[in-house]
Visitor: 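Quick one: the structure is below, and I'll ask about it shortly.
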There are 2 protein chains.
Amino acid sequence: MGFVPKNPQPALAPVDRAILRLLAQDARMPNNAIAEAVGIAPSTCLTRMRALREHGVIRGFHADVDPAALGLGIQAMIAVRLHAHTKERISSFTAEIPRLPGVIAAYHLSGADDYLLHVAVPDTDALRDFVLDHLTAHPAVAHTETSLIFGHMRGESVS
Amino acid sequence: MGFVPKNPQPALAPVDRAILRLLAQDARMPNNAIAEAVGIAPSTCLTRMRALREHGVIRGFHADVDPAALGLGIQAMIAVRLHAHTKERISSFTAEIPRLPGVIAAYHLSGADDYLLHVAVPDTDALRDFVLDHLTAHPAVAHTETSLIFGHMRGESVS
DNA sequence: TTTGAAACTGTTTAGAG
DNA sequence: CTCTAAACAGTTTCAAA
């Protein structure tokens with residue numbers, strides 16, 4: 001086994017990994033607190049954090065807002081299958097996805113389904129309207145399958 | 001239509017929605033900058049932010065770290081089907097999920113598949129090992145189906 | 001609930017090793 | 001690449017409205 005080569009990374013210093021772990025846990029942790037926790041000076045910590053941002057290791061800092069508090073009490077995963085792939089149609093579809101109202105994330109997948117859409121909507125009526133108006137009606141879409149999300153949990157490792 | 005009632009929320013002030021929108025975009029935005037942007041005093045902004053946290057509207061602040069930079073170059077969605085539901089077995093499975101190495105998120109779904117696991121691993125060998133060691137080997141698991149993630153995009157609306 | 005003002009804490013730059 | 005130290009900026013408390 002092992003047909004695909006390993007993926008060695010340009011090497012990330014242990015200090016940087018520690019900084020990332022802390023920021024992934026609490027993105028509003030003050031720079032000097034991070035510095036103290038990882039054992040470097042605040043100015044050094046700032047330099048490293050900036051480098052991590054500039055090199056794309058840190059993509060951004062986001063508040064995790066409960067969709068239900070915004071009136072979006074229903075979440076769903078929608079598997080989307082596209083018609084035999086015309087690149088233009090597909091790219092028009094993919095370009096529209098992140099702008100659709102209620103889309104939390106979209107995943108481009110291998111396998112039978114082409115896309116997986118994570119959406120949050122106010123109620124089941126809105127879910128039906130979302131699928132009918134934005135997916136079924138789209139010329140690139142061949143088939144969709146919607147599953148309600150009963151609950152979800154963040155992993156303790158990455159992201 | 002409309003068999004399921006709408007989901008009216010306890011009402012969230014427009015100021016709070018504005019604060020949430022800014023923090024979802026940039027969780028490290030300074031309190032006084034948020035205050036100015038939404039047109040309130042920094043002290044008021046602080047009070048409201050604290051209330052949003054305490055009421056669970058804001059669940060946390062997280063850095064979005066590129067898994068590839070951590071040597072996790074492969075991401076996948078794994079659909080998991082469990083055996084006819086013994087509550088104890090299921091809860092033992094769900095309790096273990098977030099602790100599994102490489103799990104970014106887990107979704108409990110309606111429909112044919114019970115769970116959807118979003119994972120990040122170093123290579124395809126690690127993916128195979130993850131499925132074999134943690135899923136196939138588990139007594140509660142009846143079936144799994146793995147799809148590679150070619151790419152993903154965050155929505156512009158919530159979360 | 002809101003605020004301004006003061007006290008406090010954290011950030012950032014500059015310069016040297 | 002790291003640090004100390006100083007200047008600067010942001011956070012937080014508090015008393016008043």
Side-chain angles (χ1 to χ4, degrees), chain A residues 7-73 154 158-159, chain B residues 7-73 154 158-159:
Chain A
N7 227 321
Q9 282 310 118
L12 196 57
V15 197
D16 287 325
R17 298 188 89 97
I19 294 171
L20 291 173
R21 193 173 39 74
L22 291 168
L23 283 173
Q25 252 165 54
D26 177 10
R28 278 187 86 84
M29 189 170 179
N31 176 66
N32 63 0
I34 298 167
E36 193 185 3
V38 306
I40 55 177
S43 52
T44 309
C45 191
L46 198 68
T47 308
R48 288 191 166 273
M49 251 181 74
R50 277 209 273 247
L52 289 168
R53 282 247 252 164
E54 272 156 21
H55 293 131
V57 177
I58 297 173
R59 294 159 171 159
F61 301 100
H62 305 285
D64 177 14
V65 178
D66 182 3
L70 297 168
L72 305 173
R154 282 178 75 88
V158 268
S159 204
Chain B
N7 226 321
Q9 282 312 117
L12 197 57
V15 198
D16 287 325
R17 299 186 86 98
I19 294 171
L20 292 173
R21 195 172 38 75
L22 292 168
L23 284 173
Q25 252 165 53
D26 177 10
R28 278 187 86 84
M29 189 170 179
N31 176 67
N32 63 359
I34 299 168
E36 192 183 7
V38 306
I40 56 177
S43 50
T44 310
C45 192
L46 198 68
T47 309
R48 287 192 166 270
M49 252 182 74
R50 277 210 272 246
L52 289 168
R53 280 248 252 167
E54 273 157 20
H55 293 127
V57 176
I58 297 173
R59 293 159 171 160
F61 302 99
H62 305 285
D64 178 14
V65 178
D66 182 3
L70 298 169
L72 306 173
R154 282 179 75 88
V158 268
S159 204

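Per chain, numbering begins at 1; letters A, B, ... match sequence-line order. As the structure is a prediction and not an experimental result, all values here were calculated from the model.
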Visitor: Give the intermediate values and the outcome of side-chain contact (heavy atoms from CB on, under 4.5 Å) for residues B/L52 and B/I19.
Guide: CA-CA 10 Å; B/L52 289 168; B/I19 294 171; 4.3 Å; yes

Visitor: Without swapping roles, check the side chain of B/R28 against the backbone of A/A27 for a donor-acceptor pair under 3.5 Å.
Guide: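 Yes; at least one donor-acceptor contact below 3.5 Å.
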
Visitor: Taking B/R48 for its side chain and B/D16 for its backbone only, find out whether a donor-acceptor pair lies under 3.5 Å.
Guide: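 No, because the side chain of B/R48 does not come within donor-acceptor range (under 3.5 Å) of the backbone of B/D16.
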
Visitor: Five pairs per end, C1' atoms only: what is the angle between the end axes of the helix from C/dT1-D/dA17 to C/dG17-D/dC1, to 10 degrees?
Guide: 30°

Visitor: Looking at every non-hydrogen atom in both residues, tell me the closest pair between A/L22 and A/A37 and how far apart they are.
Guide: CD1-CB, 3.8 Å

Visitor: Summarise how protein sits on nucleotides 9-15 of chain C as a single string, 5' to 3': B when a protein heavy atom is under 4.0 Å from the base, S for sugar-phosphate-only contact, - for no contact.
Guide: -SSBB--

Visitor: Working to the nearest 0.5 angstrom, can you tell me the gap between A/I40 CD1 and A/N32 CG?
Guide: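 These two atoms lie 11.5 Å from each other.
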
Visitor: Ignoring hydrogens, what is the shortest heavy-atom contact between B/C45 and B/I34? Give both atom names and the distance.
Guide: SG-CG2, 3.6 Å

Visitor: Nearest 0.5 Å please: distance from the NE2 atom of B/H62 over to the CG atom of A/D26.
Guide: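 So the NE2 of B/H62 and the CG of A/D26 are separated by 8.5 Å.
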
Visitor: Enter the distance from B/R59:CZ to A/D66:CG here, rounded to the nearest 0.5 Å.
Guide: 4.0 Å

Visitor: Report which part of the nucleic acid B/A41 touches: base, sugar-phosphate, or nothing (heavy-atom distance under 4.0 Å, all strands).
Guide: sugar-phosphate

Visitor: Looking at A/N31, A/L20, A/V57, A/T44, which hits side-chain contact (heavy atoms from CB on, under 4.5 Å) with A/M49?
Guide: A/N31

Visitor: Does anyone know the first and last nucleotide of DNA chain D in reach of chain B, 5' to 3', at under 4.0 angstrom to a heavy atom?
Guide: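 From 5' to 3', the first and last contacting nucleotides are D/dG10 to D/dT13.
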
Visitor: Please find the pair of heavy atoms, one from A/R154 and one from A/D64, that lie closest to each other, and give the distance.
Guide: CD-OD2, 4.4 Å

